[in-house]
Amino acid sequence: MNEHNAQQNSGELAKTFEPAGIEAKWYAHWESNGLFRPERPDAQPYTIVNPPPNVTGSLHIGHALDNTLQDVVIRYERLRGKDALWVVGTDHAGIATQMVVERQMEAKGDKRSNYTRDEFIGKVWEWKHESGGTITGQLRRLGCSMDWSREQFTMDPHFTKAVVKVFVDLHKQGLIYRDKRLVNWDPKLKTAISDLEVETRETQGGFWHFKYPLADGVTRDDGLDYIEVATTRPETMLADMCVAVHPEDSRYASVIGKDILQPLTGRRFKVVADEHADPELGSGAVKITPGHDFNDFEVGKRAGIKAADMLNMFDAEAKVVQTADGLVPAEFIGMDRFDARKLVVERMKEAGFLIPHVTTDKEGNEVSADFEPRTIQTPFGDRGGVVIEPWLTDQWYVDAETLAQPAIAAVKSGEIEIVPKTWEKTFFNWMENIQPWCVSRQLWWGHRIPAWYGSDGQCYVAETEEEAQAKAGASVTLSRDEDVLDTWFSSALWPFATLGWPEDHPPQHGEGDHAQHGGGGSPHAQPFGDNPLHHPAGGPPPRSGEDRSLLAKHYPNDLLISGFDILFFWDARMAMQGLHFMKEVPWKKLYLHGLVRAADGAKMSKSKGNVVDPLLLIDKYGADALRFFMCAMESQGRDVKMDERRVEGYRNFATKLWNAARFCQSNGITGSTSVAAPAATSAVNKWIIGEVVETVAALDQAMADLRFDAAANTVYHFVWDQFCDWYIELVKGNFDAETRAVAGWVLDQILVMLHPFMPFVTEELWHSLGKREGELIVAAWPDPQASVDPAAKREVEWLIALVSNLRTAKNELGIAPGAKLDAYLPDPSDQTRGIIEANPAAIERLARLNGIRFAAAPAGAAMQVGAGDANIVVPLEGVIDIAAEKARLEKALAVSQKETKSLEGRLGNPSFVEKAKPEAVEKARADHAMHAAEAERLAAALARLG
RNA sequence: GGGCGUAUAGCUCAGUGGUAGAGCACUAUGUUGACAUCGUAGGGGUCGCAAGUUCAAUCCUUGCUACGCCCA
């Protein structure tokens, strides 16, 4: 603890809380003293892994939400004494990062192809080193207490090792395979992308109708010598391989199996029967381009066309190339896909094969157009932003369907709890319909696929080239697969690879031992059963022992917090890989939060220009205020709408706390040395201790429920409404030793409870209030070891009621709030007399009364104020007119009578008394008695006025 | 087309089977041993619409309307 003491503050607090300096000071102090992960070898572990942000990115408002929530949880658990580990790191973000570097090159008139692969990757690494610190620095500004000493990067050598092992193992198990099929091809980025990276957007397009003539003089039953087909993509005509009609469509029954002679290419192909053709839609016949359309691919396969034989008419940039049969007219070769579309239509029209789209205009005249306008669901690449082209290529696929089963089971069994629960349905819906996951990317930046090809075309998957060579034999020349893996393939390993897997792993079990998992009666379901595909990567982590590895101790993680937008991209894949390789769920709970939206509810985006920079908010209001805002607004299942005024409000809250502490400090109040509440004799002190007890309980409950809004509001209201508004006001002027001890203790409890939400201001105040053994960040969570004292609670609440009611009455009667008045209470109950006698100072200072005399008030104008059962008479001869006081009392009486009557009605209803819950009846009776008594008091008060 | 969500005070949002709360904004006001980034008091809501269940519905059920998101 040595040098920390130098940090301790002395001297008076400034009048206003100035966040900037305090934030910088404490963050550096915490980090340099290892306080984000104190040594707690025997403590219960608590683990969260941070969704790794893109290494070259910067902090946006969504990160601020996501990381605030995680930091609140990890600070809370750390304060509760756990071995709290928050794993942090960055993601190499394959496509995104490569795009950034390529854009930088373009800006300088340079391009990727001017470099070798190694040179280019070197440049990306340079950029990583240059900008990689931006976001981590910004996370520090937000106050995030991650374990930076173990900061990770998804392309660290140990991570690469994990990725390669996973790939090789899955391949051995048949869960990764190479396949030739249609992929979503991004012609701008020139890479395959997965289904998830495709965004479908509506575009305005057309629907063209063409005649496809039957060959060999064949005609349909109705005499026509052609089939009408319609398409939104005429250019694909250059690679058509059949026309499909529904098998039961009588219009075409006689021509099934006959040939079409495609007019533009002169290609001959068959009319096939396939249920994909919908007789209700258009002509009922569809042209089939198996190499360039997902549906057509399936039709083609059913028609007996092998993937390898499907015609391809595009290169990687979606420019027209010659098909294998050489039938594409020369004028199309090299043409962009959209230009080709126009030319195809033009040529077909010239040759008389275009069927015009005819409509009638307002005047009833026929209008003819080349095509029917249509809204088309068009796939776009989410990164490149251009229309995706289905393209026939060899890619690597993960058998996601197999891997998904244990993950589905884990959520079903409750091993993974998804919060809020409504997301379960979405999760199941996707997982149960999951498609093979295309994981290869035609990029340079990323984890290169550990596959080598021999000159014979044979593929060898191995962890190293040596191993591949050994498999292939020394005589074979190998070349490595050029492609890299989808970024999400590596980040899926985050919950265990960051903890040292595969090196940090228990000894391998012997052969044939693979059915053993979870030694010592693991309660977990064993979703792998005896599936021979599942060879565990090793045994389960040991369950006990002094030297449990980091992995054994912190896997499964306790909680994952992520935005719902990456539920499929990341969360689901972690669940799959974690269960497959670790035999246990990656985390016990998955908390999904929403998006942060702009003030008008719109999605924030750079293109809209409505992004709010969290760093600017931190500069303006302080990190504590921004964090508190995020928590207070985070109710489950709802997006957070940006509201800067609310951030401002929480900055004000920090200042309020600051000033309360300043006031305490100036009255000789110092930090407490005890976790347990000090002994108290006075009612106010007993009361506030009881309020702390209740607040801690409410806060713990909210945290257990992951209700960040409830947690934040609980502390907020305790600090402002209870501590500042009443406790401090009640004890002002009476700072005896007991009160100083209690006030100091309460303030400490506030600082601890508030610390997860507002770490900076609380740490600063913690040290301002006295010489401490250690920092607040590692202090002990409240454990008051006290209980609520009902008599003290009643007493203080009576005083609060008296003061509030007096203020209201004075305000309504136009009496100066500061006016000090006399008061009479002729016949107090013993309890009320006791309260009044015990609190002369509060009655004088807060109620602004010259005491309360237990005697009848002198005759004359007076206002009458209730508190509990007491009706206090305040003579106001010459100050008010009786009519005003009468009106005031009458208004109050009317309210009381209305309530009384309504409750009377309910209680008079026999079905209510018979059928309602006894508690409800009891409550109604109590409320009725209370309102009736109040009405009686007011009626008596009115009578006294005459 | 399928799925999910939302609709409560002027705004942003909590909430409960027993006729509703917060923050901000608004109105009035400035007295008390920190705080005007504050204090005090106040106004403001047939809880989207309709039907049903119930002794009782803002809350449960069904339908409708509007808006948003995801998947096809």
Side-chain angles (χ1 to χ4, degrees), chain A residues 12-13 15-18 195-196 199-200 377 420 422-430 433 564-565 567-568 594-595 597 599-603 621-622 625 628-629 632-667 669 707 709-710 712-713 716-717 720-721 724-725 728-729 731-735 803-812 814-820 842 844-848 898-899 902-903 905-917 919-921 923-924 927:
Chain A
E12 272 180 47
L13 288 164
K15 194 172 169 184
T16 313
F17 162 53
E18 296 293 347
D195 297 345
L196 282 177
E199 272 176 21
T200 308
Q377 303 294 325
T422 47
W423 283 104
E424 279 186 2
K425 210 161 183 174
T426 307
F427 176 83
F428 290 136
N429 188 42
W430 188 70
N433 296 294
F564 65 72
D565 52 329
L567 173 61
F568 305 142
L595 262 48
R597 297 181 168 276
D600 61 359
K603 205 167 164 177
Y621 303 107
F628 207 89
F629 165 78
M633 299 307 289
E634 175 56 24
S635 57
Q636 291 175 5
R638 200 168 182 132
D639 287 342
V640 171
K641 228 179 262 188
M642 195 57 225
D643 183 357
E644 191 170 328
R645 309 198 70 151
R646 199 136 179 170
V647 182
E648 188 185 2
Y650 293 124
R651 187 272 318 263
N652 296 353
F653 173 61
T655 304
K656 181 78 181 175
L657 173 70
W658 179 271
N659 277 301
R662 190 162 71 94
F663 179 66
C664 290
Q665 187 195 46
S666 70
N667 282 287
I669 289 162
R707 285 304 305 248
D709 55 344
N713 286 328
Y716 180 95
H717 288 293
W720 205 312
D721 302 349
C724 292
D725 284 356
I728 288 184
E729 294 303 330
V731 300
K732 261 181 191 172
N734 182 29
F735 286 106
V803 172
S804 301
N805 293 344
L806 268 165
R807 283 173 180 164
T808 305
K810 279 171 146 179
N811 196 288
E812 283 178 7
I815 298 161
K820 207 121 180 230
E844 192 183 331
R845 223 190 40 261
L846 286 188
R848 307 291 293 165
K898 193 183 154 213
E899 287 293 331
S902 146
L903 285 159
R906 197 185 301 166
L907 286 162
N909 177 355
S911 0
F912 172 69
V913 182
E914 281 160 31
K915 295 186 183 171
K917 284 176 295 184
E919 309 93 86
V921 178
K923 173 137 194 320
D927 287 353

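Every chain is numbered from 1 and lettered A, B, ... according to where its sequence line falls, protein lines coming before strand lines. Bear in mind that the values here come from a model prediction, so they are computed numbers and not experimental data.
The F568(A) side chain lies nearest to C70(B) when the options are U31(B), A34(B), C70(B). The side chain of H717(A) has A22(B) as its nearest neighbour among A22(B), G68(B), A34(B). Taking the side chain of S902(A) as heavy atoms from C-beta on, and the options U12(B), U19(B), G3(B), the nearest nucleotide is U19(B). Of all nucleotides listed (U32(B), U37(B), A72(B)), U37(B) comes nearest to the side chain of T655(A).
Taken from CH2 in W658(A) to CD in Q665(A), the straight-line distance is 9.0 Å, to the nearest 0.5 Å. Atom-to-atom distance recorded for R597(A):CZ and K603(A):NZ is 7.0 Å, nearest 0.5 angstrom.
The pair K641(A)-D639(A) does not meet the salt-bridge criterion, since no charged nitrogen lies less than 4.0 angstrom from a carboxylate oxygen. In summary, E844(A) and K820(A) engage in a salt bridge, as defined by a charged side-chain N under 4.0 Å from a carboxylate O.
Atom CG of L846(A) and atom P of U32(B) are 13 Å apart (whole Å). Taking atom CZ of residue R645(A) and atom P of nucleotide C24(B), one finds them 10 Å apart after rounding to whole Å. Taking atom CG on L903(A) and atom P on U19(B), their separation rounds to 8 Å, with Å as the unit. Between the C1' atom of C24(B) and the OH atom of Y621(A) lies a distance of 12 Å, rounded to the nearest Å. At whole-Å resolution of the value, CG in D639(A) and P in U12(B) are 14 Å apart. Note: CZ (F628(A)) to P (A22(B)) measures 16 Å, nearest angstrom.
Comparing U19(B) with C47(B), their C1' atoms sit 11 Å apart, to the nearest whole Å. Distance check on atom P: G63(B) versus A56(B) gives 23 Å, rounded to whole Å. Separating the C1' atom of A28(B) from that of U16(B) is a span of 33 Å, rounded to the nearest Å. If you take atom P in U8(B) and the same atom in A50(B), they sit 16 Å apart, rounded to whole Å. Distance noted for atom P between G44(B) and U27(B): 16 Å (whole Å). Of the P atoms belonging to G10(B) and U46(B), the separation is 8 Å, rounded to the nearest Å. When the P atom is compared between C13(B) and G17(B), the two are found 23 Å apart, to the nearest whole Å. Using C1' as the reference atom, C24(B) and C64(B) are 34 Å apart when rounded to the nearest Å.
R845(A) contributes a side-chain N or O that, together with a main-chain N or O of K732(A), makes up a donor-acceptor pair within less than 3.5 Å. At least one donor-acceptor pair under 3.5 Å links the side chain of N659(A) to the backbone N or O of T655(A). A donor-acceptor pair under 3.5 Å is absent between the side-chain atoms of S902(A) and the main chain of K898(A), judged by distance alone. In this structure, the side chain of K810(A) engages the main chain of A819(A) through a donor-acceptor pair within 3.5 Å. Of the possible donor and acceptor atoms, none in the side chain of N909(A) sits under 3.5 Å from a partner among the backbone N and O of G905(A).
Side-chain N/O atoms of R707(A) include one lying less than 4.0 angstrom from OP1 or OP2 on G15(B). For K15(A) and A36(B), the shortest distance from a side-chain N or O to OP1 or OP2 is below 4.0 Å. A sub-4.0 Å separation between OP1 or OP2 of C38(B) and a side-chain N or O of N652(A) is present.
Residues forming a side-chain hydrogen bond (donor to acceptor under 3.5 Å, both in side chains) with R848(A) (at least two apart in sequence, or on another chain): none. For R807(A), the side-chain hydrogen bond (donor to acceptor under 3.5 Å, both in side chains) criterion is met by no residue, not counting sequence neighbours.
Base engagement by K732(A) is indicated by at least one non-hydrogen atom pair under 4.0 Å involving a base atom.
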I'd like a table of atom pairs between the protein and nucleotides 54-60 of chain B - only N or O on both sides, under 3.5 Å - with the distance next to each one.
{"from": "C55(B)", "atom 1": "OP1", "to": "K915(A)", "atom 2": "NZ", "distance (Å)": "2.6"}
{"from": "C55(B)", "atom 1": "O2'", "to": "N909(A)", "atom 2": "ND2", "distance (Å)": "3.1"}

Could you list all N or O pairs between the protein and nucleotides 39-47 of chain B that sit under 3.5 Å apart?
{"from": "G39(B)", "atom 1": "OP1", "to": "K656(A)", "atom 2": "NZ", "distance (Å)": "3.1"}
{"from": "G39(B)", "atom 1": "OP1", "to": "W720(A)", "atom 2": "NE1", "distance (Å)": "2.4"}
{"from": "A41(B)", "atom 1": "O2'", "to": "N811(A)", "atom 2": "OD1", "distance (Å)": "3.3"}

Any N/O pairs under 3.5 Å between the protein and nucleotides 7-9 of chain B? List them or say none.
none

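Positionally, the nearest nucleotide of RNA chain B for S635(A) lies more toward the 5' end than for the other of T200(A) and S635(A). Of the residues near RNA chain B, A847(A) and D195(A), the one whose nearest nucleotide (by heavy atom distance) lies more toward the 5' end is A847(A).
Inter-residue side-chain proximity for W720(A) and F653(A) is flagged as met; some heavy-atom pair is nearer than 4.5 Å. The shortest distance between side-chain heavy atoms of L657(A) and F17(A) does not fall below 4.5 Å.
Within the cation-pi definition used here (under 6.0 Å to the ring centroid, within 45° of the axis), K656(A) does not qualify as a partner of Y716(A).
Paired regions of RNA chain B, where each region holds three or more successive Watson-Crick or G-U pairs whose two hydrogen-bonding distances fall under 3.5 Å, are B:1-7 with B:65-71, B:10-13 with B:21-24, B:26-30 with B:38-42, B:48-52 with B:60-64.
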